[in-house]
There are 2 protein chains.
Amino acid sequence: MAISATNGDRKAIVRQKNTDQIIRAAEEVYALKGFAGATMQEIADKADLPKANIHYYFKTKRALYVAVLEDIFKAWAEASTTFDNSDDPKKSLSDYITSKLQLSFDRPFGSKVWANEIIHGAPVLGDNLMDHLHDWEGEKAIQIAKWAEDGKILPVDPHYLLYMIWATTQHYADFDHQVRVLNGGKALSQSQRNEVTKTVCGIILRGVGFTDV
Amino acid sequence: MAISATNGDRKAIVRQKNTDQIIRAAEEVYALKGFAGATMQEIADKADLPKANIHYYFKTKRALYVAVLEDIFKAWAEASTTFDNSDDPKKSLSDYITSKLQLSFDRPFGSKVWANEIIHGAPVLGDNLMDHLHDWEGEKAIQIAKWAEDGKILPVDPHYLLYMIWATTQHYADFDHQVRVLNGGKALSQSQRNEVTKTVCGIILRGVGFTDV
DNA sequence: GTCTATAACGCGATAGAC
DNA sequence: GTCTATCGCGTTATAGAC
């Protein structure tokens, strides 16, 4: 009995490890090739496993893709906690922009998979996760609206402000190739990344009414 | 001879008409399915032509894709003339933002194909068109830098300001599905589009130092 | 749980009659 | 310039030995 449990544990650990490995590899391949352009063979090679094993852990190409998308959504939701329950819009907004930019610089693949999926009309995400996003965005918008009511920021439309922050920060992940080309073929250095953060925070904060930035 | 010329003209007209029809159809299919996900069959159906005819006009799937990308780049370059040779940053910037937003609202497919291509690392665009973009962006950046030197706007980094404008305006094309979901499942109305334009122009203009907007 | 071999299928591209 | 029929290849997914 003890041995059986141990074997079960060992198998569970192997399963967890392989699953993570596959999802990481898949995230990169789906990001760079799109859903249709990605091949199970390329994902298998990058995960350093035989192709058949990928199908053992994820029944279909589509199921693996869904797992990748859910993983990304989870990461984003966790990264946005800096935004919650704050009475200081200046700090909230700059912290949010800063952490979203960081995520774009450090983990661009997830953002790209998401962008691809939305561009194509969310054929796989379907309504469930999109409805979840709707609720989540609604909360943020209410908080921004409150700041405006309290006269802490100018009365900008909260939704369009949020889209602006998302679009601008995710641009550095999704369009990193273009950014690189326009930067003379070299990826942004750390000091350039800091300059981006400063510039974006500055424009947004002045944009919502702060004059001392 | 006259008849032969007439026949040649007629054929040229047919060729032009079919070519346009195919490019329009291809733009939509490539936007919604990605390069790999698109099928020549679907493009043919949407263009209302037999599949073999598509191959008659465009030798390969790739050649047709390149034609679509070039078409888009041309449209964007034409739409940015409002930006040139102006000493009035306030007017230049709002005109540019307004016309880019208009393009996103009215012709989202082109923007989506471009986004897809960049996300995947511009495997087809290659260096030619990207270098062209580099030059083009450089000119705009110089003009913005001049405004800053002359004290007409705050000394923001011109590149990151441009990326912000591109990202924000193209978001309404590339992520139109997400915008729609977050808007309760309905596309933005004309008055909402106007509100977007007002909000974006306001934030950007205040962001670069104008306090009277 | 791992891996090789292969079945089943869809797609890009073309040949060749009209 | 148009269209039908088809070839050949690459892909997903699985069967079955280990």
Side-chain angles (χ1 to χ4, degrees), chain A residues 3-23 25-30 32-69 113 116 120 123-124, chain B residues 3-23 25-30 32-69 113 116 120 123-124:
Chain A
I3 291 173
S4 158
T6 301
N7 282 345
D9 287 358
R10 205 169 291 159
K11 282 200 177 181
I13 289 169
V14 169
R15 171 169 283 276
Q16 182 66 44
K17 186 184 126 270
N18 283 344
T19 303
D20 286 355
Q21 210 165 328
I22 293 167
I23 287 186
E27 180 176 309
E28 186 170 341
V29 176
Y30 284 134
L32 264 46
K33 304 291 177 70
F35 176 75
T39 66
M40 298 302 270
Q41 187 61 62
E42 189 175 353
I43 293 171
D45 291 347
K46 203 172 279 284
D48 217 16
L49 287 168
K51 184 165 72 97
N53 290 32
I54 312 292
H55 276 101
Y56 174 74
Y57 287 104
F58 297 91
K59 202 102 179 59
T60 63
K61 186 183 182 183
R62 197 185 177 89
L64 173 53
Y65 182 71
V66 172
V68 169
L69 282 171
V113 179
N116 253 310
H120 298 157
V124 176
Chain B
I3 290 173
S4 158
T6 302
N7 281 345
D9 287 357
R10 207 169 289 159
K11 283 201 178 181
I13 289 170
V14 169
R15 172 169 282 277
Q16 183 64 43
K17 186 183 127 269
N18 284 345
T19 303
D20 287 355
Q21 210 166 327
I22 293 167
I23 287 186
E27 180 176 309
E28 186 170 342
V29 176
Y30 284 134
L32 264 45
K33 303 292 177 69
F35 175 74
T39 65
M40 297 302 271
Q41 187 62 63
E42 190 176 352
I43 293 171
D45 290 348
K46 204 172 278 286
D48 218 17
L49 287 168
K51 183 163 75 97
N53 289 32
I54 312 293
H55 276 102
Y56 173 74
Y57 286 104
F58 297 92
K59 201 103 180 61
T60 65
K61 187 184 183 182
R62 198 185 177 90
L64 172 54
Y65 182 70
V66 171
V68 169
L69 283 171
V113 178
N116 253 310
H120 299 159
V124 177

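Just the heavy atoms: all of them, side chains too, but no hydrogens, waters or symmetry mates, feed the values below. Letters A, B, ... are given to chains in the order of the sequence lines, protein chains preceding strands, and every chain is numbered from 1. All of these numbers come straight from a predicted model, not from anything done at the bench.
For Tyr56(A) and dA15(D), the OH to P distance is 15 Å, given to the nearest whole Å. In this structure, His55(B) places its NE2 atom 18 Å from P of dA5(D), rounding to the nearest Å. As rounded to whole Å, 10 Å separates atom P of dA13(D) from atom CG of Leu64(A). Atom-to-atom, CE of Met40(B) to P of dG8(D) comes out at 20 Å; the value is rounded to the nearest Å. If you measure from atom NZ of Lys33(A) to atom P of dG10(D), you get 15 Å, rounded to the nearest angstrom. In this structure, Phe35(A) places its CZ atom 10 Å from C1' of dT12(D), rounding to the nearest Å.
Inter-residue side-chain proximity for Leu64(B) and Tyr57(B) is flagged as unmet; no heavy-atom pair is nearer than 4.5 Å. Looking at heavy atoms from C-beta onward, Asn53(B) lies out of side-chain contact with Asn18(B) at the 4.5 angstrom threshold.
Counting only distance, with no hydrogens or angles, the side chain of Gln21(B) and the backbone of Ala47(B) share a donor-acceptor pair below 3.5 Å.
Taking every heavy atom of both residues into account, Ala44(B) and Lys51(B) meet most closely at CB-CA, 3.6 Å.
Looking at residues two or more places apart in sequence or on another chain, you find a salt bridge (charged side-chain N to carboxylate O under 4.0 Å, His left out) between Lys33(B) and Glu42(B).
Across all strands, Ala38(B) comes closer than 4.0 Å only to sugar-phosphate atoms, never to a base (heavy-atom distances). Here Tyr57(A) lies in heavy-atom contact (under 4.0 Å) with sugar-phosphate atoms only. Within the nucleic acid shown, Lys59(B) comes within 4.0 Å of sugar-phosphate atoms alone, with no base atom in reach, counting heavy atoms only. No engagement by Ala63(A) is indicated, since no non-hydrogen atom pair under 4.0 Å with the nucleic acid exists.
Classification of the Tyr30(A)-Phe35(A) ring pair by plane angle, with boundaries at 30° and 60°, yields parallel.
Contacts between chain B and DNA chain C, taken as any atom within less than 4.0 angstrom of a protein heavy atom, begin and end at dC11(C) to dT14(C).
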